[in-house]
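Heads up, the thing below is written out as structure tokens.
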Amino acid sequence: MSNFEQFHFDFYQSNYTIEDQEEGCSSNGSDKNFCESRKSQTEKQPAGGAFVPSDMLLSPQSYAGQILQPAYTPDTSQLGYVDGFDEEPPLLEELGINFEHIWQKTLTVLNPMKPADGSIMNETDLTGPMVFCLALGATLLMAGKVHFGYVYGMSAIGCLAMHALLNLMSVSGVSHGCVASVLGYCLLPMVILSSSAVVFSLQGTPGTVLALVIIGWCSLSASKIFTSALAMEGQQLLIAYPCALLYGLFALLTVF
């Protein structure tokens, strides 16, 4: 065992020192720069003979973390994004759903004598029309009539026909969304008629009179809104006639 320890000591023992290397560097002028760099690295090494990699010695920044636990540097690039959530509009506003405008349009339809606000009714809002179409189909279903396909089919064909007619009559023109929105909101009185069919039968004189009143109500409201939104003063009766034909189909579907 003592022989092995003596061999281990003799193997690592050496008479070569740093001073010998410095003297060799001073004698050779071509390796002066290399010797200076080696000398600076030797001075930066800690006491005790611990080995330190050269990439850590040459790094201008000090490492402040621990092993397997790097130093935490907060990412400030996401702070502005986090603060941006407070400035985003509400979800219903992004989807185009404004309950105040829906209520104003509904009141305008329910009161045919009330002047219509063209700036509000010119918006493409299909939330109310979809609700009223579903309500019409649901009330017809409660009366024993499964006519969802007829309701959507006649609504689509009526919107296309009214869009073509209004573009021919008006100077500014109108979009498909505006036509669908106005005709859909004015379908609300027809929901009242279909709700009445759940309580009593409309196949008689009272039902016919009520259906005629509802048709006039729907067509008067739609023509009033179109006249106000498209600046078509003096043409309300011309617009009310095709509207009455369209809502008459819904009345026939409700009564019979």
Side-chain angles (χ1 to χ4, degrees), residues 86-143 147-148 151-152 154-156 158-160 162-163 166 170 172-199 210-233 235-237 239-240 242-244 246-251 253-254:
D86 298 334
E87 300 178 358
E88 289 185 357
L91 179 60
L92 294 179
E93 185 176 349
E94 290 184 355
L95 296 176
I97 301 176
N98 193 333
F99 290 104
E100 183 179 357
H101 288 182
I102 293 175
W103 178 247
Q104 291 180 1
K105 294 175 184 179
T106 304
L107 292 180
T108 303
V109 173
L110 293 177
N111 187 6
M113 301 304 174
K114 179 182 178 181
D117 189 359
S119 60
I120 296 178
M121 298 307 299
N122 202 16
E123 296 179 358
T124 304
D125 177 23
L126 298 180
T127 305
M130 290 297 296
V131 172
F132 295 153
C133 285
L134 290 174
L136 179 60
T139 51
L140 289 175
L141 183 62
M142 293 174 64
H147 294 328
F148 284 96
V151 171
Y152 291 125
M154 288 190 300
S155 299
C159 289
L160 293 176
M162 286 298 300
H163 176 263
L166 291 175
S170 62
S172 59
V174 66
S175 62
H176 291 88
C178 180
V179 175
S181 179
V182 173
L183 294 178
Y185 273 103
C186 294
L187 197 64
L188 178 58
M190 198 61 61
V191 177
I192 299 175
L193 179 64
S194 61
S195 301
S196 302
V198 179
V199 181
L210 181 60
L212 293 176
V213 172
I214 294 297
I215 292 173
W217 187 356
C218 294
S219 59
L220 182 61
S221 299
S223 60
K224 175 191 65 176
I225 295 171
F226 281 129
T227 302
S228 177
L230 302 178
M232 300 173 62
E233 289 79 6
Q235 304 182 24
Q236 185 173 357
L237 292 178
I239 301 175
C243 292
L246 175 63
Y247 292 114
L249 295 177
F250 288 104
L253 190 66
T254 303

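In this text, all values refer to a predicted model and were calculated from it rather than measured experimentally. Side-chain atoms are counted along with the backbone in the values below, which use heavy atoms only and exclude waters and symmetry mates. We count residues from 1, following the sequence as given.
- For Phe132, the ring pair (Phe, Tyr, Trp, His ring centres under 6.0 Å) test picks out Tyr185, with sequence neighbours left out.
- In terms of modelled atom types and a separation under 3.5 Å, the side chain of Trp217 and the main chain of Val109 share a donor-acceptor contact.
- Heavy atoms only, all atoms of each residue included: Ser219 and Tyr247 are closest at N-CD1, 4.0 Å.
- By the side chain to side chain donor-acceptor pair (under 3.5 Å) test, Ser221 pairs with no residue at all, sequence neighbours left out.
- Nearest approach of Pro189 to Ile214, heavy atoms of both residues: O-CG2, 3.5 Å.
- Contacts of Leu246 classified as side chain to side chain contact (heavy atoms under 4.5 Å, CB included), with partners at least two apart in sequence or in another chain: Leu183, Phe250.
- Atom CG of Leu210 and atom CD1 of Ile215 lie 10.0 Å apart (nearest 0.5 Å).
- In this structure the side chain of Leu230 never reaches within 4.5 angstrom of the side chain of Gln235, judged on heavy atoms.
- Interatomic distance, Ile102 CD1 to Thr127 OG1, rounded to the nearest 0.5 Å: 5.0 Å.
- Pairing each heavy atom of Leu220 with each of Pro112, the nearest pair is CD2-CB, 3.7 Å.
- Residue Val182 comes nearest to Ala222 through the heavy atom pair CG1-O, 4.1 Å, listed as atom of the first residue, atom of the second, then distance.
- Here the CG atom belonging to Leu136 is positioned 10.5 Å from the CG atom belonging to Leu188, to the nearest 0.5 angstrom.
- From Met154, atom CE reaches atom CG of Leu249 across 6.0 Å, with rounding to the nearest 0.5 Å.
- Residues forming a side chain to side chain donor-acceptor pair (under 3.5 Å) with Ser170 (at least two apart in sequence, or on another chain): none.
- Under the rule for a ring pair (Phe, Tyr, Trp, His ring centres under 6.0 Å), the partners of His163 that lie at least two apart in sequence or sit in another chain are His176.
- Closest approach of Cys133 and Val151 over heavy atoms only: O-CG1, 4.3 Å.
- Taken to the nearest 0.5 Å, the OG atom of Ser172 stands 10.0 Å off from the CG atom of Leu166.
- Note that the OG1 atom of Thr108 and the NZ atom of Lys105 stand 9.5 Å from one another [nearest 0.5 Å].
- Taking both residues in full, the closest heavy atoms of Ser194 and Thr254 are given as CA-CG2, 3.5 Å, listed atom of the first, atom of the second, then distance.
- For Ser223, the side chain to side chain donor-acceptor pair (under 3.5 Å) criterion is met by Gln236, not counting sequence neighbours.
- The number of heavy atoms from other shown groups lying within 6.0 Å of CG (Leu237) does not exceed 12.
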